[in-house]
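Presented below is the structure to which this report refers.
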Amino acid sequence: LDAADPKKLKPGALALAKYKIWDILKHIELPVLIIGASKDLLHEPQNLIQMNKMLPNSIYLDMETNTFAHGPELVEEIRKYIATLRRTVS
C-alpha cells in the first residue's frame, strides 16, 4: 500500500462497498479454498471466516500474515489443496 495511488484505489474501494454476496454463498457447492491472514486487519479476516462458515464446501486457510499469504508458503498450500481435489475426483 505504500506504493499504491489512493486516487486509483478509491473507485474500486467504493464499488466494493456496495457488493453483496452473503445471500448466495450457501448456494455455491463447488470446493472453495479461502485464504486469510488473521493478523492483517486491512482485509477484515472475520469476513473470510464468516464466508467459510456459509460456504458448504469450503476450507479456510489462515496464513496469519500478509507476507505468508503472498509468499512461497501459500503456493505450497494451494498445491496441497489442489492435490486433495484431484484425489477426490479420481
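- Counting only distance, with no hydrogens or angles, the side chain of S58 and the backbone of L33 share no donor-acceptor pair below 3.5 Å.
- Annotation for A37 and A69: closest pair CB-CB, 4.3 Å, computed over non-hydrogen atoms.
- Clustering ILVMFWY residues whenever any of their side-chain heavy atoms sit less than 4.5 angstrom apart, transitively, puts L55 in the very cluster that holds I24.
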* Evaluate the side-chain contact (heavy atoms from CB on, under 4.5 Å) criterion for residues Y60 and I49: first the C-alpha distance (whole Å), next the side-chain angles of each, then the deciding distance (0.1 Å), finally the verdict. => CA-CA 7 Å; Y60 176 73; I49 293 167; 3.9 Å; yes
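- Annotation: the span from L74 atom CG to E76 atom CD amounts to 10.5 Å, rounded to 0.5 Å.
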* To do: Check step by step if side-chain contact (heavy atoms from CB on, under 4.5 Å) holds for N47 and W22.
  => CA-CA 10 Å; N47 284 342; W22 302 105; 4.1 Å; yes
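- No donor-acceptor distance shorter than 3.5 angstrom exists from the side chain of Y81 to the backbone of I59, with no hydrogens or angles considered.
- Looking only at side-chain heavy atoms (C-beta outward), M51 and I21 come within less than 4.5 Å of each other.
- The CG atom of N52 sits 4.5 Å away from the CD1 atom of I34 when rounded to the nearest 0.5 Å.
- In this structure, the side chain of D62 engages the main chain of S38 through a donor-acceptor pair within 3.5 Å.
- Dense packing is recorded around CG of N57, with more than 12 heavy atoms of other residues, nucleotides or ligands lying under 6.0 Å away.
- The salt bridge (Lys or Arg N to Asp or Glu O under 4.0 Å) check on K39 picks up E64, with sequence neighbours excluded.
- Note that CD1 of I35 is 9.0 Å distant from NE2 of H70, once rounded to the nearest 0.5 Å.
- For the atom pair D40 CG and M63 CE, the distance stands at 12.5 Å (nearest 0.5 Å).
- Once rounded to the nearest 0.5 Å, the distance linking CG of L48 with CD of Q46 reads 8.5 Å.
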